[in-house]
Structure formats: structure tokens, C-alpha cells
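Report on the structure given below.
Every chain is numbered from 1 and lettered A, B, ... according to where its sequence line falls, protein lines coming before strand lines.
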Protein chains: 2
Amino acid sequence: MERQTRQKQAVMQAIETSGRSLNAAEIWSLAQLEVPSLNLSTVYRQIKTLHDEAQVVRVDLPGQPPRYEAPCHAPRTRGHEHHHHHFHCTGCEQVFPIHGCPGGIERLAPRGFQVQSHDLTLHGHCAACVGA
Amino acid sequence: MERQTRQKQAVMQAIETSGRSLNAAEIWSLAQLEVPSLNLSTVYRQIKTLHDEAQVVRVDLPGQPPRYEAPCHAPRTRGHEHHHHHFHCTGCEQVFPIHGCPGGIERLAPRGFQVQSHDLTLHGHCAACVGA
DNA sequence: ATCTTTGCAAAACCTTTGCACTGCG
DNA sequence: CGCAGTGCAAAGGTTTTGCAAAGAT
């Protein structure tokens, strides 16, 4: 049976309250504000558990370590995660969700290929880094 | 001054003749057919050299180790690499180039964000794996 | 008291680096 | 020959795992 611990809560809360996608180290930093003794291994283990329970979604961006974010149920579609993409700021390295999606992507595949899904990542400067 | 070696030729040839994007291990396997004693470190070093010389292009797909491919000069645009994306086959794990690109991607960014570039990856089954 | 979860340290995995040797020019 | 390039082994960075101790129920 699953137990409630300060560590687990700290990890979950870090992911939920950030509003963006965090990698393991970022989650660790944030969760340590809550539980200073928190160990990185524990963060990885909690991430794995939460991911298996579909409490967090893994976000893979090209050339980057995996990030994790809280499931976004906005236009709730039968329990499915809302389809969205990500903006990667090359200034502060933070990753933000973006909600649109260009159409007609299936048409780009070579003839005979079958598209199951797609990932789109935008790179650039976030509002804060454009100003700076 | 730069020297010609069997190892360098084997690495370059593996990348050029494959017609797709290869990771370090794949390059190693292929190049070893040519030079069986080839060391993985040498492969990494040659990749780095070739990449610095713009002889190979690095391809990062979400959640995957970096791959490398020969530059595609098709619609040669003043020496620039032709802008393209990739199709990742979830069956055979191979990666293929795709040449279209959906428009209006900049419009997806949040207000105040500045888009510099983008990556698009399609996932699915390639023609061979659809048939199988 | 039981049994999951934790912290620590070691291992695993991929990539890079130090160093002496090979071999191209 | 001289020095770029190679092989090997060791080191780095990140994630995973083994194990004894801690702590939730």
C-alpha cells in the first residue's frame, strides 16, 4: 500500500505549482525548499512512481534531459492529456507549454508512412529573456 | 594539418551511405565493417571533428541520443543546410528525413516570446514497418 | 510491528578525456 | 621524422539500484 511522505508531497508540489516542465535537478531544487534533506535518488524514484501513476507527464525535448510536468486536463477529452507542445527558452533554459498546433502534419510524412504522433518544439527567448 | 586515415574514411562513409540519421553506436557498427579494430572513442572524436567542419549534421530527437547525418544540400540555399524535419519509426527505430514544414509556427508562441527556430518530429511506422 | 520509503554509496550507462603509441605526410 | 590521429583505460555527468535505517500506517 502506498504511503504519504513529506518527500513525495514536496516532489508533487514542485511539479504542480511550477506551471512549466522541470527536469530532475529543477524538481530537486524546488522540493528541497520544502524538505532540505531530500535526496536526488528519492526525486528520481518519486518521478518514476508518479509517472507510472500518470500523475506526471514526461516531456522529452530534442537534445535535452527529460522534463516532467503536471497533466493538463484543460479541454478534458475523455481523460486524455490535452495535446500541446513546448517552447524552450535558450536564454534561461526554462520550458513553457504552448497550446496551439499547426494542422496538416500527417501530410508531411513520406508516402506509405503511418503517422501516430508528433512533437513540436519552439526555441527562442521567453518574455523575460527578450526584455533582458 | 588534417590527415586522412582509414578510421576517418570509415566513419564518414558509414554516415554518407546510410541515407539516414545514425547514432554513435550505429556509426560504430557500420564503420567496423570497414575497420574492425575501430574504437568507439575514435568514432566520437571523428563525429565531433566532422560536425565542427559541417561535414555532418547533428539530429536531436526527443528522448533519444543524438544522431548524425550527411548534410542535405538539395535546394541549396547559399550553403545552408536545407531546412527539414524527421520521421521516427517506432518499429525499426530508424529515422528518416521529411521535407515539408507546416507554416505559421511562430504564431503559436505566447505573446512576448521570440521564436528563433523549431523542431518537428513525426512518430509512426515507416513503409517497411507498416507492411510488416 | 510491518513493510514502504528514504538516504547513502556504488553501479550502470553514455560520452569525453589523458596518455603513450601508431602511422600519415 | 614530427605531429595528428588512434586505442585503451580512466574519468565525467546523469540516472538507477542495493541495502540498511527511518518512518508511515
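For the pair Ile47(A) CD1 and dT17(D) C1', the interatomic distance rounds to 16 Å; values are reported in whole Å. When rounded to the nearest whole Å, the span between CD1 of Ile27(B) and P of dC14(C) equals 15 Å. Atom NZ in Lys48(A) sits about 16 Å away from atom C1' in dT4(C), given to the nearest Å. Protein atom CD of Gln32(A) is 12 Å distant from nucleotide atom C1' of dG7(C), rounded to whole Å. Gln64(A) places its CD atom 12 Å from the P atom of dT14(D), with the value rounded to the nearest Å. The CD-P distance, from Glu34(A) to dT6(C), rounds to 15 Å in whole Å. Between the C1' atom of dT16(D) and the NE2 atom of His51(A) lies a distance of 16 Å, rounded to the nearest Å.
Using modelled atom types and a 3.5 Å distance limit, the side chains of His123(A) and His88(A) yield a donor-acceptor pair. When only modelled atom types and interatomic distance are considered, Gln46(A) and His51(A) share no side-chain donor-acceptor pair under 3.5 Å. Residues Gln64(A) and His86(A) bring no donor and acceptor atom of their side chains to less than 3.5 Å of each other.
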Quick one: what's the B/S/- string for nucleotides 1-11 of chain D, heavy-atom cutoff under 4.0 Å, read 5' to 3'? -BBBSBBBB--
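Using cut-offs of 30° and 60° for the angle between ring planes, the His83(A) and His118(A) rings count as perpendicular. Between Phe113(B) and Phe87(A), the angle of the ring planes goes over 60°, which puts this pair in the perpendicular group of the 30/60° scheme.
There is no path of hydrophobic side-chain contacts, each under 4.5 Å, that joins Leu61(A) to Leu122(A).
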